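From a predicted model like this one, the values you see are computed outputs, not experimental measurements. Because only heavy atoms are used, hydrogens play no part in the values below, and waters and symmetry mates are left out as well, while side chains stay in. Below, chains carry the letters A, B, ... as their sequence lines are ordered, and counting in each starts from 1.
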Amino acid sequence: MRGSVGKVPYCWLSCFSITEPTMSRFARPFAEALAPLVELPVADVEKQLETPPKPGMGQLAFPCFQLAKTLRKAPPAIAEDLASKIQPTGLIKKVIATGPYVNAYLDGEAVAREVLPAALEAGECFGSLSIGGGRAVTVDYSSPNIAKSFGIHHLRSTVIGHALVNMLKAAGFQPVGINHLGDWGTQFGQLLAIWDEKGDEAELNERGIAYLLELYVEFNAAKEKNPELQDVARAKFRLLENGDAEARRLWALFRKVSLDEFERVYAMLGIQFDDMRGESFYEGLMPAVLTELKERNLLTESKGATVVDLEAFDLGTALVRKADGSTLYLTRDLASAGYRKESYDFVRSLYVVGGSQALHFAQMTKVLELMERPWFDTIEHVPFGLMRFKDRKMSTRKGDIVPLRDVLEQAAALAKQTIVKGAEDKSRPIPDDVDELAHRIGVGAVVFNDLKNRRVRDVVFDWDEVLAFDGETGPYLQYTAARIASMEARYGKPPSADVDFHLLDGPGELALIVAISEMPDSLQRGLESCEPSYVSDKLLEIASLFSTLYSNRSWKVLSEDVALTDARMLLAHGVRQALCNGLGWLGIPVPARM
RNA sequence: GUUCCCGUAGCUCAGUUGGAUAGAGCACCGGAUUUCUAAUCCGGCGGUCCCAGGUUCGAAUCCUGGCGGGAACGCCA
């Protein structure tokens with residue numbers, strides 16, 4: 001199966017022109033010095049370079065184990081020999097053999113001079129890449145089902161997809177955010193079936209989506225006892241597909257009520273889609289898909305249904321038409337894939353959908369291949385782990401979910417409480433925009449909590465964890481940026497790149513500046529594997545390194561020493577720029593202060 | 001039953017694509033604020049990297065086989 005969950009089959013970015021990762025700017029000179037001595041190409045040496053486990057051991061390391069065989073010497077002796085032959089120049093301050101490694105120590109002053117002015121100049125573009133060349137990449141994400149509440153379990157696709165859209169944009173691609181609304185299918189038959197019995201438009205207008213969810217849950221409860229109800233639902237959906245006026249009218253009504261609610265949630269998260277076509281849009285395109293499948297002799301009849309037999313590829317059989325003639329999810333996805341290719345001419349098409357649907361996407365891709373779509377292998381399922389309760393699955397059918405809106409509102413309420421308490425403790429006035437600030441912090445906590453870990457892992461929903469503001473959290477990053485913003489305001493003028501870089505020569509500064517310089521690497525790595533957590537990780541590292549410096553009482557940014565203040569301000573500004581840009585990629589708002 | 005994913009500290013997770021003494025946060029214990037925001041920082045405690053083999057100079061990482069958890073496997077999406 002292509003693109004098995006959790007593994008990156010190949011680097012899809014590698015087909016585009018890659019700018020050199022920033023770290024290799026530092027690694028290159030070291031590799032160039034080593035290459036002639038070990039008689040290997042510079043690129044090979046560079047690939048072997050590692051980062052030592054502790055900062056006191058330098059910033060770059062070359063392991064000598066592999067040379068031991070060819071040179072028939074002990075690795076430490078080789079390291080010793082190599083180290084003695086390399087002259088420090090430019091970015092490299094010294095080279096020392098440490099056991100079987102040749103370690104290089106970067107020159108803090110030179111690194112600062114290289115990184116910080118560039119960061120200042122780049123501003124909001126700092127950390128960005130220009131590998132995309134304006135090429136389109138579609139990102140199918142969020143895609144909630146109409147007539148069901150927007151639950152916390154939809155958060156995963158929504159925030160991962162949103163982050164990928166932002167990251168693609170930062171890398172110079174033209175992302176197309178697609179919300180493939182689940183607004184078609186037998187589920188509507190179910191809703192229409194129960195609506196016949198007890199639907200009440202007045203109540204719908206009043207209670208909105210909560211009422212629809214209630215009906216849906218009730219139908220499913222009834223179906224448990226009376227399985228024939230599913231046949232009633234299928235008949236209703238067929239009616240809808242055949243264009244029955246009343247069914248269509250109700251469908252449109254349900255759709256609107258749902259969209260109103262979804263829009264509120266998207267507004268809270270600051271998300272806008274480029275394409276909000278639901279599944280229903282592809283209704284008219286499906287006959288053509290079925291016709292083509294038939295002409296290509298890909299269809300077989302099986303138990304009354306129409307299928308594509310994929311047993312030869314270990315992918316089972318893929319249903320494209322039910323026995324009653326109505327269509328399925330796969331049929332619609334085949335149609336939408338072609339439509340997207342025509343509309344957007346994507347170089348890559350991502351589907352941010354739970355890992356449980358791996359088979360569906362494998363089938364879809366295989367069918368597209370059999371249909372001789374040359375772009376079939378540019379489609380990639382970006383799977384993620386399930387969100388569940390500690391002791392049970394979340395179940396929309398049973399109404400056993402947590403509405404996302406509740407979570408965001410709770411988080412904002414808690415943030416407000418923290419702001420108010422903080423203001424009281426320091427006997428300061430409560431800010432006028434406390435609600436806006438609290439909202440941003442709450443969203444930051446909830447979103448970052450989902451993006452900080454690798455997406456394949458299952459997530460257990462836990463209020464304490466979602467609402468945590470301490471440690472490795474969104475508010476921690478926001479707070480670090482806010483503290484710097486406050487210093488910048490106090491500083492009273494824009495930071496200057498014309499500073500004495502020698503004043504930024506300390507080990508803490510060097511580690512921090514190297515981390516800042518790795519922002520583009522985190523973006524690139526994140527895009528290669530569609531994994532926003534690489535960015536989250538880098539931001540935490542930067543914030544942590546800065547906080548350590550900041551908390552040292554003998555290390556002040558603002559002081560009487562003008563030259564020192566200017567230099568440290570430039571560094572602090574770079575930190576804030578990196579944090580703000582990275583948070584922006586992740587779709588996390590940055591409050592003006594905290 | 002078959003296939004896919006996951007398994008690292010009490011809990012939640014990183015681990016630079018096979019390298020040095022496996023790292024963070026939470027929780028717990030102890031510290032730090034006359035000075036840039038304590039949503040912070042510092043220290044301590046905490047490990048059979050699920051198990052067993054194999055490959056390798058070298059394995060949490062790769063291979064094989066188990067065990068445990070989750071998911072998918074036809075008319076839902």
Taking a pair as Watson-Crick or G-U wobble with both distances under 3.5 Å, which nucleotide is matched to U40(B)?
A32(B)
Phosphate oxygens OP1/OP2 of A20(B): is one of them under 4.0 Å from a side-chain N or O of Thr98(A)?
no
Looking only at atom P, what distance separates C11(B) and C50(B), rounded to whole Å?
13 Å
Just to be sure I understand the rule, does Ala572(A) reach a base, reach only the sugar-phosphate, or reach nothing, if contact means heavy atoms closer than 4.0 Å?
nothing
Between C49(B) and C41(B), how far apart are the two C1' atoms, rounded to whole Å?
30 Å
So what's G68(B) paired with, Watson-Crick or G-U wobble, going by both distances under 3.5 Å?
C6(B)
Quick check on A14(B): is either OP1 or OP2 less than 4.0 Å from any side-chain nitrogen or oxygen of Arg457(A)?
yes
Quick check: do Leu298(A) and Asp309(A) have side-chain heavy atoms less than 4.5 Å from each other?
no
Where is the tightest heavy-atom contact between Ala415(A) and Ala438(A), given as atom of each residue plus distance?
CB-O, 3.6 Å
Distance test, side-chain N/O of Tyr476(A) to OP1/OP2 of C41(B), below 4.0 Å:
yes
Rounding to an integer number of Å, can you tell me how far Ile146(A) CD1 sits from A77(B) P?
14 Å
Over all strands shown, is Ala482(A) touching base, sugar-phosphate only, or nothing at heavy-atom distances under 4.0 angstrom?
base
For Phe469(A) and C26(B), give me the distance from atom CZ to atom C1', rounded to whole Å.
15 Å
Before we go on, tell me: are the rings of Phe150(A) and Phe262(A) under 6.0 Å apart, centre to centre?
yes
Hey, would you say the Trp184(A) and Tyr282(A) ring centroids sit under 6.0 Å apart?
no
At 4.0 Å (heavy atoms only), tell me whether Glu465(A) reaches a base, stays on the sugar-phosphate, or touches nothing.
sugar-phosphate
Any N/O pairs under 3.5 Å between the protein and nucleotides 73-76 of chain B? List them or say none.
unit_1 : atom_1 : unit_2    : atom_2 : d
G74(B) : O6     : Ser302(A) : OG     : 3.1
G74(B) : N1     : Ser302(A) : OG     : 2.6
G74(B) : N2     : Ser302(A) : O      : 3.3
C75(B) : O3'    : Arg234(A) : NE     : 3.2
C75(B) : O2     : Ala323(A) : N      : 2.7
C75(B) : N4     : Lys303(A) : O      : 2.5
C76(B) : OP1    : Arg234(A) : NE     : 2.9
C76(B) : OP1    : Arg234(A) : NH2    : 2.3
C76(B) : OP2    : Thr186(A) : OG1    : 3.2
C76(B) : OP2    : Arg234(A) : NE     : 3.1

pair_partner(U12(B)), Watson-Crick or wobble, both distances < 3.5 Å, evaluates to A24(B)
Could you tell me which nucleotide pairs with C73(B) by Watson-Crick or G-U wobble geometry, both distances under 3.5 Å, or answer none if nothing does?
G1(B)
Could you check whether Phe546(A) gets within reach of a base, just the sugar-phosphate, or nothing at all, counting any heavy atom under 4.0 Å?
nothing
Regarding Asn103(A), tell me which of base, sugar-phosphate or nothing describes its non-hydrogen contacts under 4.0 Å with the strands shown.
base
Ring-face cation of Arg277(A) near Phe281(A) (centre distance under 6.0 Å, axis angle within 45°)
yes
Determine which nucleotide pairs with G46(B), using a 3.5 Å limit on both distances of a Watson-Crick or G-U wobble pair.
none
Between Asp450(A) and Arg156(A), does any NZ, NE, NH1 or NH2 come within less than 4.0 Å of an OD or OE carboxylate oxygen?
yes
Could you measure the distance from the CZ atom of Arg457(A) to the CE atom of Met387(A)? Nearest 0.5 Å is fine.
14.5 Å
Roughly how many Å apart are A32(B) and A52(B), using the C1' atom of each and rounding to a whole number?
49 Å
Per nearest nucleotide of RNA chain B, the residue lying toward the 5' end, Ser356(A) or Asp537(A), is Asp537(A)
Any base atoms under 4.0 Å from Pro100(A), or only sugar-phosphate, or nothing? Heavy atoms, all strands.
nothing
For a quick check of understanding: with a heavy-atom distance under 4.0 Å over all strands, which category does Glu541(A) fall into, base, sugar-phosphate or nothing?
nothing
Provide a list of protein-nucleic acid N or O atom pairs under 3.5 angstrom, restricted to nucleotides 54-61 of chain B.
none

Using purine N1 to pyrimidine N3 plus N6-O4 or O6-N4 for Watson-Crick, or N1-O2 and O6-N3 for G-U wobble, each under 3.5 Å, what pairs with U56(B)?
none
Between residues 550-560 of chain A and RNA chain B, which residues have a heavy-atom gap below 4.0 Å?
Tyr550(A), Ser551(A), Arg553(A), Trp555(A), Lys556(A), Val557(A), Leu558(A)
Mind checking whether Phe30(A) and Phe62(A) have ring centres under 6.0 Å apart?
no
Answer yes or no for Arg525(A) and Tyr534(A): cation-pi contact, defined as NZ/CZ to six-membered ring centre under 6.0 Å and angle to ring axis within 45°.
yes
If you pin Pro475(A) and Asn453(A) to their nearest nucleotides in RNA chain B, which one's is more 5'?
Asn453(A)
Is the distance from OP1 or OP2 of C6(B) to the nearest side-chain N or O of Arg454(A) less than 4.0 Å?
no
With a 4.5 Å limit on heavy-atom distance, are the side chains of Val535(A) and Leu586(A) in contact?
yes
May I ask you to check whether Asp324(A) and Ser326(A) show a side-chain donor-acceptor distance below 3.5 Å?
yes
Checking all strands, does Arg593(A) fall into the base, sugar-phosphate, or nothing category for heavy-atom contacts under 4.0 angstrom?
base
Quick one: CD on Gln478(A) to CZ on Phe469(A), what's the gap to the nearest 0.5 Å?
9.0 Å
In short, Arg593(A) meets Asp433(A) closest at the heavy-atom pair NH2-OD1, 2.8 Å
Give the minimum heavy-atom separation between Glu279(A) and His180(A), together with the two atoms involved.
CG-NE2, 3.3 Å
Can you tell which of U21(B), G70(B), A38(B) lies closest to the side chain of Asp458(A)?
G70(B)
Mind checking Leu540(A) for me? I need base, sugar-phosphate or nothing, with any heavy atom below 4.0 Å counting as a touch.
nothing
Heavy atoms under 4.0 Å, any strand shown: does Ile419(A) hit a base, just sugar-phosphate, or nothing?
base
